[in-house]
Amino acid sequence: MSSVTVPTVRKHSVPLIARRAAWAANALFWSAFAVLEGVNHGWLAALVAVAFFIAPDLTFLAGARDAHTVERGQLPARAVPYYNTAHRALIPLALMALYTVAPITWAPIFAGLCGWLAHISIDRAVGYGLRTKDGFQRR
């Protein structure tokens with residue numbers, strides 16, 4: 001009878017410093033792209049890019065009423081689904097892909113999506129990721 005060994009699955013195969021460096025490069029790219037869109041398409045595109053850059057953190061307001069009941073660094077459980085949805089990079093990337101094939105050609109939308117991706121990338125580069133259902137940072 002032979003014994004079977006089950007390979008150990010590591011949570012992240014890429015070292016933390018490499019992941020953060022990649023997110024930092026993304027942050028620079030999407031921030032520059034958002035600025036470029038604002039410069040090329042005017043103040044409205046710049047305004048939408050800034051609004052989409054700020055908007056993901058407005059999800060904290062969903063748990064403002066329960067903020068006094070949680071530990072420092074913990075997000076109230078009520079806000080976690082909103083926060084995690086607004087901080088998933090695949091959502092603005094999918095919307096960008098849709099924008100490129102859809103018959104919509106309003107530049108501020110694309111500028112806003114660049115701002116949104118810049119926000120997510122900056123968060124990941126400095127160590128803020130998605131939250132557990134209890135509101136703590138996922139590791």
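Sequential numbering from 1 along the given sequence is applied to the chain's residues.
Checked against Phe60 for a ring pair (Phe, Tyr, Trp, His ring centres under 6.0 Å), the options Tyr83, Tyr128, Tyr82 give a single hit: Tyr83.
Residues Ile122 and Phe53 meet the side-chain proximity criterion, which asks for heavy atoms closer than 4.5 Å. Using a 4.5 Å heavy-atom threshold, the side chains of Trp116 and Ile91 count as touching. When side chains are defined from C-beta on, Arg138 counts as touching Asn84, because their heavy atoms get closer than 4.5 Å.
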*Test side-chain contact (heavy atoms from CB on, under 4.5 Å) on Leu36 and Cys114 and set out the steps.*
CA-CA 10 Å; Leu36 179 67; Cys114 290; over 6 Å; no

*asked:* Working note: Met96 + Leu117, criterion side-chain contact (heavy atoms from CB on, under 4.5 Å); need CA distance, chi angles, decisive distance, verdict.
replied: CA-CA 10 Å; Met96 277 186 173; Leu117 278 167; 3.7 Å; yes

*For Leu44 and Trp106, what are the C-alpha separation, side-chain angles and deciding distance, and is it a side-chain contact (heavy atoms from CB on, under 4.5 Å)?*
CA-CA 10 Å; Leu44 186 57; Trp106 193 52; 3.4 Å; yes

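The CZ atom of Phe110 sits 12.5 Å away from the CZ atom of Phe52 when rounded to the nearest 0.5 Å. Between atom CD of residue Glu37 and atom CD1 of residue Ile109 there is a gap of 11.5 Å, rounded to the nearest 0.5 Å. Arg19 CZ to Ile17 CD1: the interatomic distance, rounded to the nearest 0.5 Å, is 10.5 Å. The CG atom of Leu93 lies 13.0 Å from the CZ atom of Arg88; values are rounded to the nearest 0.5 Å.
Scanning both residues, Ala49 and Ala34, for their nearest heavy atoms gives CB-CB, 4.2 Å. The nearest pair of heavy atoms linking Gln137 to Gly129 is OE1-N, 2.8 Å. Summarising the geometry of Ile120 relative to Pro92, their closest heavy-atom pair is CD1-CG, 3.9 Å, with the distance given to 0.1 Å. The two residues Asn26 and Ser121 have their closest heavy-atom pair at CB-OG, 3.5 Å. Residues Ala79 and Gly63 come closest through the heavy atom pair CB-N, 3.6 Å. Pairing each heavy atom of Ala77 with each of Lys133, the nearest pair is CB-O, 3.8 Å.
The number of heavy-atom neighbours closer than 6.0 Å to CZ of Phe136, taken from other residues, nucleotides and ligands shown, is above 12. Crowding of Tyr99 atom OH: a count of heavy atoms from other residues, nucleotides or ligands under 6.0 Å exceeding 12. Atom CG of Leu16 has more than 12 heavy atoms from other residues, nucleotides or ligands within 6.0 Å.
Ring geometry for Phe33 against Phe29 counts as perpendicular: the plane angle is over 60°, on a 0 to 90° scale with 30° as the lower cut.
Checked against side-chain hydrogen bond (donor to acceptor under 3.5 Å, both in side chains), Asp123 has the following partners two or more places apart in sequence or in another chain: His87, His119.
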